[in-house]
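For reference, the structure discussed in these notes is given below.
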Amino acid sequence: MNSASPFQFRHTVGSHTFGFRDLKELMAKATPARSGDRLAGVAAESAEERVVAQMTLAEVPLQQFLQDLLVPYESDEITRLIIDEHDKTAFAPIAHLTVGGFRDWLLSDLATPAILTQIRAGVTPEMAAAVSKLMRNQDLILVAKKCEVTTAFRNTIGLPGHLSTRLQPNHPTDDLTGIAASILDGLLYANGDAVIGINPATDNVAQTCRLLHMMSDVIEHYQIPTQSCVLTHVTNTIEAIDQGAPVDLVFQSIGGTQATNDSFGFNLATLAEAQAAALSLQRGSVGNNVMYFETGQGSALSANAHHGVDQQTCEARAYAVARKFSPLLVNTVVGFIGPEYLYDGKEITRAGLEDHFCGKLLGLPMGCDVCYTNHADADQNDMDNLLTLLGVAGCTFVMGIPGSDDIMLNYQTTSFHDALYARRVLGLKPAPEFGLWLQQMEIFRNSDRFVLNQQVPDAFNQPLQRLLGA
Amino acid sequence: MTDDAVTANPWLRLRSFTDARIGLGRAGISIPTQPLLQFQLAHAKARDAVHTPLNVDSLLPLLQSLQPGRQVLQLHSQASDRALYLQRPDYGRLLDESSADRLNDSRVTKKPELAIVIADGLSALAIEENVVPFLRRLLPLLTDGDDPWQLAPLCVVEQGRVAVGDHVGELLQADCVLMLIGERPGLSSPDSTGLYLTWKPRRGLTDASRNCISNIRPAGLSYSDACRRTLYLLNEARRLKLSGVQLKDRSDDHSTAVAAEQRNFLVSD
C-alpha cells in the first residue's frame, strides 16, 4: 500500500485499531453472522470485529448512503432507481441522523405510524439494511409493527390486526384434480385471502394459461374475494395476457442488483410492461395492486452478481425494485435457498425478521415464506417460532399449504393449520372481504374466535359428492 | 368409535388424487397427533438421508460386479466433511488433490467417450438404493448398441456436488460425463436420484451447460423411463456435440396430451 491509508473507516478499541476499507466492507462485517456471507468471503472474521463494525457503522451519517454507493451508479439500474427517485422532502426529518441515531429515532415515540409513512420515500434500501444490522430481533419486530402498509385487488391486505395467507396448492405434475383437492383443503381451513398461487411444475405459457383458467373458474364459481397467480416468468405472463388468459397478478422473482435480474432474464422495463398489461385487464375490484414479487437473501451471491455486498443489503435493494411497481404482495422466501446461505433455524429466523422489517420500513406489503429445506439445520419448532414472531411483528401474509409439505418444490413451509394457530394466539383476522365470505360460506362457525364448521359446507359438499360418490 | 377431540375431514378420500397432506383433520385448529408424528417421521428420514455417509465399502463391490474386470475409482471432493460440504458448495464441486492425482495416473492413451460419475450429493440413501439397479439396465444399452460408447472406469466421489463430475470428466479427457447424484431429499422422497449430462466437461461450467433428469427412484421416475431419456440425451449430445439449454429433451413430447384430460371437480361442467 502507498502512503494513503487503505481504510476509509477506523475504530480503536483499547490498544487495537480495526480498519474497514469502504462502506461495503463495513456493512458486510457489521452483519449478524450467516453462512452466505462466509461463503462470499465478506463476513467479519471474529465476533469482536463484527461488533466493532457495528459501532463504526452506527457513526455513519445517513446522508453518506446517498453519495457513497455500494454498487456503481453507471453499471446498475437499481442503484440509479434508488438514487434518482430518492425523495429529499421525505428524507428531511431524518437527514441529520447517523445510522445509530436512526435506530434510536425509529424506536422512539417520535416515529409514529403516520410519521413512518411520511419518511418512507426518503429511506433507501442501504439505510434500512444498515440500521437493521444494529437492531436486535425485538427492535425489528417493534418498528415493523409500527409500519402500516395496505394494498388491494379483490380484497384489502395488510390492515392492522390482520394476517393473510397465500394458498399454495402445488402439485408435482400440475394435475388439476390434485391442485383442486389442495385448494379445497385450504379454503375449508380458511386460507387463501392473499392469493391462490401455484408454482407450476411445467413452466411454459400453455400450462400457465391452463392453470390460470382453472383458478379463475374456482374464484368466479364460489365468488371468492381473492386473486390468483401462476408463479411463472414475467415474460410468460405477458404472453398469457396477450392470449387472453385471466391474469390477476403478475409474478416475478427479483434480486437487488441488475446482474442478478439479468440472470433471472428480466429488467425494470420488462416489469413496467407487465404491470401495464395487467392493469389494462382491470380485474381488480377494490384496488389496482397487480404485482406479486418474491425475494430471498442469497440470490445475488447465487447468481455471482453481488459486487462484494453482503446478502442482506442485496436483499434490501430488491425492495427498491418491488416498490417501484406498487405490488399487492412481496414474499421473502427465507429458508428456501439452503444452508450455504442461511445455515440453521437461528440464521433463518434472523433473516426473516430483517427482511420483514426492511420491507415494511420501505413501504412494502411484506409477507414471509417461513420455510426450510431438509439439508438446513432447522425443523418445525424453528418455523413455529418465526411464524409467531412475524405474527407479532404485523407480517402481511404467510404461506398456507397442506400439512406443511410442498410436494412439488420439496421443502416445508407453514400449513393451513399454522395460520389458524397464529390467528388464535394473536387474534389476527383475514382480509375483511374474505372474512365475510368465510362467514357466508359457513366455513367459519364463529369468525371472532376462528372456529371452523364441524360439517363440510353445502357449496363444497356437492362437488365432493360428484367426485367421490355419496 | 369417534374421538370428540379430533374432527376428521371427509375429503381425506381425495388423497387418492394427490400426495399432498390434505384432509389431516384437526384437534381444535391444530394438527392431530397421528399426522403430526407421520410428518416428524418423514422429516427424520429426510434428515438422516442428508447426514448418513455413503457406505462406499459396500457400494464398490456391487459396482465392480456390473463390469467384471474393470476398476472402480474411489474419489473425494475438497469438502472434508458434511458440515463443510453444506456450507461451502464451491469445495464440493472440485476433487481433492490426491483424487485428481489418481485420475491423472489412471488416464489411458485412448480417450474415453463417456465417464459415469456417482456422488453422494445430499442423499447417500438415493445412491445406495438406486444406482446399481439403474446402471444394471443402462450399461448394456450403452455398450451393446449399434454405436457403443467407450466408457471410462466408474468413479465414486464422496461429498460431491453436481459440478464435480465435470472435474472428473476433464481429467479423464472424456467427451461426455454422466453424473448420478443424491438429490435434496423431499419429505416424501428421501431417495431421489438426479442425473446430469455434460458434453465436453470441464471445471467452471454452470447448470446452463448441463441436462438434468430428476427424481429417479422406484416411486418416481422409473429406471426404464430414466434409461430411455438418458439414451435420448446421450445420443443427441453426441450427434449435436453439445449439452445444456441448447439440447432440448423432447423424449416426452408424445405424453403431454394426457395431462389435458384431468378435471377441475370444484366447478361443475
Side-chain angles (χ1 to χ4, degrees), chain A residues 35 38-39 169-185 188-189 202 207 210 214 217-218 220-222 338-340 343 373-377 379-380 401-407 410-412 415 417 420-421 423-424 450-452 454 456 460 462-464 466-468, chain B residues 7 9-24 26-32 35-36 38-40 42-43 45-47 49-51 82-83 85-90 122-123 183-190 192 206 215 220 256 259-268:
Chain A
S35 52
R38 292 192 288 275
L39 177 63
N170 295 344
H171 188 277
T173 61
D174 296 328
D175 179 282
L176 287 190
T177 310
I179 288 171
S182 288
I183 290 178
L184 175 79
D185 197 51
L188 292 180
Y189 275 97
T202 301
Q207 189 77 317
R210 186 169 152 260
M214 184 267 184
D217 289 348
V218 172
E220 275 184 35
H221 182 84
Y222 296 95
E340 60 268 44
Y343 188 64
T373 58
N374 287 318
H375 62 318
D377 192 4
D379 60 22
Q380 292 297 98
I401 199 160
S404 288
D405 179 8
D406 189 316
I407 57 172
N410 277 337
Y411 78 123
Q412 286 87 253
S415 68
H417 295 73
L420 288 168
Y421 147 79
R423 294 203 187 297
R424 275 209 180 165
F450 311 108
V451 179
L452 293 167
Q454 289 290 112
V456 179
F460 294 98
Q462 289 166 17
L464 268 180
R466 236 181 2 250
L467 186 70
L468 299 172
Chain B
T7 304
N9 295 144
W11 63 93
L12 175 65
R13 288 166 64 202
L14 296 176
R15 286 291 275 272
S16 58
F17 300 100
T18 179
D19 288 333
R21 291 171 196 255
I22 58 169
L24 296 180
R26 54 192 177 83
I29 44 80
S30 299
I31 304 239
L36 169 71
Q38 280 160 12
F39 179 100
Q40 298 293 43
H43 183 236
K45 283 184 175 177
R47 292 288 291 158
V50 170
H51 290 278
R82 187 94 312 205
Y85 175 86
L86 290 173
Q87 293 186 67
R88 295 299 301 261
D90 47 338
L122 284 166
S123 172
E183 296 186 314
R184 193 180 82 192
L187 218 51
S188 48
S189 53
S192 193
T206 66
N215 197 27
T256 45
E261 300 294 316
Q262 308 138 4
R263 305 294 265 283
N264 173 10
F265 70 88
L266 287 175
V267 178
S268 57

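Letters A, B, ... mirror the listed sequences (proteins, then strands); counts begin at 1. As a basis for the values below, the full set of heavy atoms in this structure was taken, side chains included, without hydrogen atoms, waters or symmetry mates. Predicted model only: the values in this text are computed from it and were never measured.
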Can you tell which of [options] has the highest number of heavy-atom pairs within less than 4.5 Å of chain B?
| options | answer |
| --- | --- |
| A/Phe450, A/Tyr222, A/Tyr421 | A/Tyr222 |
| A/Asn170, A/Asp217, A/Leu188 | A/Leu188 |
| A/His221, A/His171, A/Gln412 | A/Gln412 |
| A/Ile407, A/Leu464, A/Ile183, A/Val451 | A/Ile407 |

Next item on the list: Below 4.5 Å from any heavy atom of chain B, which atoms of A/Leu467 appear? Answer side chain, backbone, both or neither.
Entry: side chain
Checklist line | Region of A/Arg423 in contact with chain B, defined by heavy-atom distances below 4.5 Å | finding: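 A/Arg423 has no heavy atom closer than 4.5 Å to chain B.
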Identify the two heavy atoms, one from [X] and one from [Y], that lie closest to each other, and give their separation to 0.1 Å.
| X | Y | answer |
| --- | --- | --- |
| A/His417 | B/Ser30 | CD2-C, 3.6 Å |
| B/Pro185 | A/Asn374 | O-ND2, 2.7 Å |
| A/Asn410 | B/Gly186 | OD1-CA, 3.5 Å |
| A/Val456 | B/Pro10 | CG2-CG, 3.3 Å |
| A/Pro339 | B/Gln87 | O-CG, 4.4 Å |

Next item on the list: Not counting sequence neighbours, which residues clear side chain to side chain donor-acceptor pair (under 3.5 Å) with A/Thr373? List them please.
Entry: A/His375
Between [options], the one whose heavy-atom pairs under 4.5 Å with chain A are most numerous:
| options | answer |
| --- | --- |
| B/Ser188, B/Pro89, B/Ala46 | B/Pro89 |
| B/Ile31, B/Asn215, B/Leu36, B/Leu24 | B/Ile31 |
| B/Asp90, B/Val50, B/Leu86, B/Leu122 | B/Leu86 |

Next item on the list: Mark yes or no for whether A/Asp185, through its side chain, and B/Gly23, through its backbone, hold a donor-acceptor pair below 3.5 Å.
Entry: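 The answer is yes, because a donor-acceptor pair under 3.5 Å joins these two groups.
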Using non-hydrogen atoms and a 4.5 Å limit, figure out which bit of [X] sits close to chain A: side chain, backbone, both or neither.
| X | result |
| --- | --- |
| B/Asn9 | side chain |
| B/Gln40 | side chain |
| B/Thr206 | neither |
| B/Phe265 | both |

Could you tell me if the side chain of [Y] sits less than 4.5 Å from the side chain of [X], heavy atoms only?
| X | Y | answer |
| --- | --- | --- |
| A/Gln380 | B/His43 | no |
| B/Thr18 | A/Ile179 | no |
| A/Leu39 | B/Arg88 | yes |
| A/Asp377 | B/Arg47 | yes |

Next item on the list: Give a yes or no on whether A/Asp379 atom CG has more than 12 heavy-atom contacts from other residues, nucleotides or ligands under 6.0 Å away.
Entry: yes
Notebook entry, point to check: So how far is it from A/Asp405 CG to B/Leu187 CG, rounded to the nearest 0.5 Å?
Noted result: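 Answer for the CG-CG pair, A/Asp405 versus B/Leu187, is 4.5 Å.
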Check: CG of B/Leu266 to OG1 of A/Thr177: how many Å apart, nearest 0.5 Å?
Finding: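 Rounded to the nearest 0.5 Å, the CG-OG1 separation comes out at 9.5 Å.
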